[in-house]
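This report concerns only the one structure given below.
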2 protein chains.
Amino acid sequence: MSLKYGILGFLSKWEATGYDLKKEFDDFMSIFWHSHLSQIYPELGRLEQEEYITSCLLPQTGKPDKKIYAITDKGKQELITWLLSPPEAPKLKDSFLMQVSFMDNIPASEVIFQLKAYQKEREQRLAKMKHIFQERWESIRERNVMKSRILMSSAVVRRGLEQEIQYIRWCRDTIELVESCSALWSQDTDKSDLPEGEYIRFSDVEPLFRKYYGNLMED
Amino acid sequence: MSLKYGILGFLSKWEATGYDLKKEFDDFMSIFWHSHLSQIYPELGRLEQEEYITSCLLPQTGKPDKKIYAITDKGKQELITWLLSPPEAPKLKDSFLMQVSFMDNIPASEVIFQLKAYQKEREQRLAKMKHIFQERWESIRERNVMKSRILMSSAVVRRGLEQEIQYIRWCRDTIELVESCSALWSQDTDKSDLPEGEYIRFSDVEPLFRKYYGNLMED
DNA sequence: GCTGACATGTAACCCGTTACATGATTCC
DNA sequence: GGAATCATGTAACGGGTTACATGTCAGC
């Protein structure tokens, strides 16, 4: 149900077409949401029907006509009601972490390969976010006017940057960990009746683990 | 499409019923995925039809009969193929961050209230995760056997803990930021034709911003 | 007597993704 | 000549959530 509020939130500050909204979902809003045009257009239709937004048609030559949407008072009220309602419990869906947690089923070399590939992807995302961030920063500094909206979107930007940086760092650390423990993979390819002494003990790698967890275990 | 692999991944190590799987999705796997029983049962049916898993019926007295599922070779192969396939680009959906980015529309006091509520939620999640983590840690230490599976799930646990800790810290820092800038909200309740001098300048709060971003802006 | 754990499922609905459909202009 | 941008949408499908449906046993 959040696409609705993503649209209302954006329209609470600027008028926009469906196409504009899509760009915003690919740009700044990509920090917390994404959507396809084929979902945005019908949603705009529904929101207009329920009178949360109004549209006005702008004929263009050479290009297709634009339908510019604006928020209504009813729409703004709906947005505010949502903003004041209790925040939803986070429901994480991270298919890469799922892959990682089952990667004892593939060779250590492949694990490292996958971690490196993902790290690269996140580095690209970070670079894109930094770019967005720097552009905004400069335009804000030029106009030299401070608003609460700028404060809140800056907070969101910080969260986005932090998240990427930490994920990248985790990839790096985990690659190192797997590299230094790759012997575990040759061990446990199911020769299940080896004598006890043949197994690597947990106590052998415990110091390495403590280092990997850092101060996360305290408390 | 990841529920399928969540199930196959779990069954690659242990046999389980639909009910067991649900518990696992609420427990350890909640770090990266969640699912409802009403989705798990039909999915198990499909996986069995496609011969990725097999079931055996265990009659019970007093309790309903159990249907215990086990992975087949074909299923294990399917899992491995997925594990080796390129990791998906992350598609974040964080409705709380969406709320935050539009919170210039509600009073600063309400912003702080929402941030505190969310911080509490994440603290509870962290406490739960630490609990899961400590239980596992102890049982691993007792058995004193190291396996690659333990290494990978430990990496996932670290990611989960980190994520929570950092989100909580962000909430704390952002509450402070909003508190020290709450004057912005009284300013911009749309008295749009105030003389220029009445506005808070960006340059006035820039030092505060630099502190809030820390070393995130550096390249 | 009621809640919660155990155990399995179906049905309706909503949300989100991929594919299809159109058509001009600009840049390489 | 082909890809990318601007601009709008529909249709089919798949995945995920909520509600419905059933029934026993243990513990408070």
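In what follows, chains carry the letters A, B, and so on, assigned in the order in which the sequence lines appear, proteins first and then strands, with residues in each chain numbered from 1. Computed from a predicted structure; not experimentally measured.
DNA chain C is contacted by both B/Lys67 and B/Lys91; B/Lys67 maps to the nucleotide lying nearer its 5′ end (nearest heavy atom per residue).
B/Glu48 is linked by a side chain to side chain contact (heavy atoms under 4.5 Å, CB included) to B/Ile53, B/Ser55, B/Tyr69, counting only residues two or more places apart in sequence or in another chain. Not counting sequence neighbours, the partners of B/Arg143 by the side chain to side chain contact (heavy atoms under 4.5 Å, CB included) test are B/Ser139, B/Ile140. Every side chain to side chain donor-acceptor pair (under 3.5 Å) that B/Tyr5 has, sequence neighbours left out, goes to B/Glu78. Among residues two or more places apart in sequence or in another chain, the side chain to side chain contact (heavy atoms under 4.5 Å, CB included) test is passed with A/Arg122 by A/Tyr118, A/Arg125, A/Glu164, A/Tyr167, A/Ile168, B/Pro90, B/Leu92. Under the salt bridge (charged side-chain N to carboxylate O under 4.0 Å, His left out) criterion, B/Lys67 pairs with no residue at all, not counting sequence neighbours.
You can see that DNA chain C meets the heavy atoms of chain B within a 4.0 Å-exclusive cut from C/dA5 to C/dG16, reading 5' to 3'.
Rounding to whole angstrom units, CG of residue A/Leu57 and P of D/dA7 are separated by 12 Å. Atom pair A/Met1:CE and D/dT18:C1' shows a separation of 14 Å (rounding to whole Å applied). As rounded to whole Å, 10 Å separates atom P of D/dG16 from atom CD1 of B/Ile7.
The aromatic rings of B/His36 and B/His34 sit perpendicular, their planes meeting at an angle over 60°, well past the 30° parallel limit. The aromatic rings of B/Phe32 and B/Phe28 stand perpendicular to each other, their planes meeting at an angle above 60°, with 30° marking the opposite boundary.
Between B/His34 and D/dT17 there is a side-chain N or O to OP1 or OP2 distance below 4.0 Å. Remark: B/His36 is not in phosphate contact with D/dG16, judged by side-chain N or O atoms under 4.0 Å from OP1 or OP2.
Sorted by first and then second residue, the pairs that involve residues 94-113 of chain A and meet salt bridge (Lys or Arg N to Asp or Glu O under 4.0 Å), not counting sequence neighbours, are A/Asp104-B/Lys13.
Distance check, rounded to the nearest 0.5 Å: CG of B/Leu97 to CZ of B/Phe102 gives 11.0 Å. The distance from the OG atom of A/Ser154 to the CG atom of B/Leu177 is 8.0 Å, given to the nearest 0.5 Å.
At least one side-chain heavy atom of A/Leu184 sits less than 4.5 Å from a side-chain heavy atom of B/Met146. Inter-residue side-chain proximity for A/Leu44 and A/Leu21 is flagged as met; some heavy-atom pair is nearer than 4.5 Å.
The distance between the ring centers of A/Phe209 and A/Phe202 falls below 6.0 angstrom.
Counted by atom type alone, B/Glu123 and B/Gln119 present one or more donor-acceptor pairs between their side chains at under 3.5 Å.
Heavy-atom minimum distance, A/Val111 versus A/Trp185: CG2-CZ2, 4.0 Å.
Contacts with DNA chain D (heavy atom under 4.0 Å) in residues 77-90 of chain B: none are found. Residues of residues 37-51 of chain A that place a heavy atom closer than 4.0 Å to DNA chain D, in numerical order, are A/Leu37, A/Ser38, A/Tyr41. Taken residue by residue, residues 18-25 of chain A places heavy atoms nearer than 4.0 Å to DNA chain D at A/Gly18, A/Tyr19.
With axes fitted over five pairs at each extremity, the angle between the ends of the helix from C/dG1-D/dC28 to C/dC28-D/dG1 is 40° (10° resolution).
Note on A/Lys93: only backbone sugar-phosphate atoms sit closer than 4.0 angstrom, heavy atoms only; bases stay farther off.
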Apply side-chain contact (heavy atoms from CB on, under 4.5 Å) to the pair A/Cys56 and A/Glu15, showing each step before the final yes or no. CA-CA 10 Å; A/Cys56 102; A/Glu15 302 193 344; over 6 Å; no
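Between B/Glu162 and B/Arg158 there is a salt bridge, since at least one side-chain N of the basic residue sits less than 4.0 Å from a carboxylate O of the acidic one. Taking 4.0 Å as the cut-off between side-chain N and carboxylate O, B/Glu50 and B/Lys74 do not count as a salt-bridged pair.
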Within the sub-3.5 Å range, which N or O atoms of nucleotides 21-26 of chain D have a protein N or O partner, and how far apart are they?
residue, atom, partner, partner atom, Å
D/dT24, O3', B/Gly62, O, 3.4

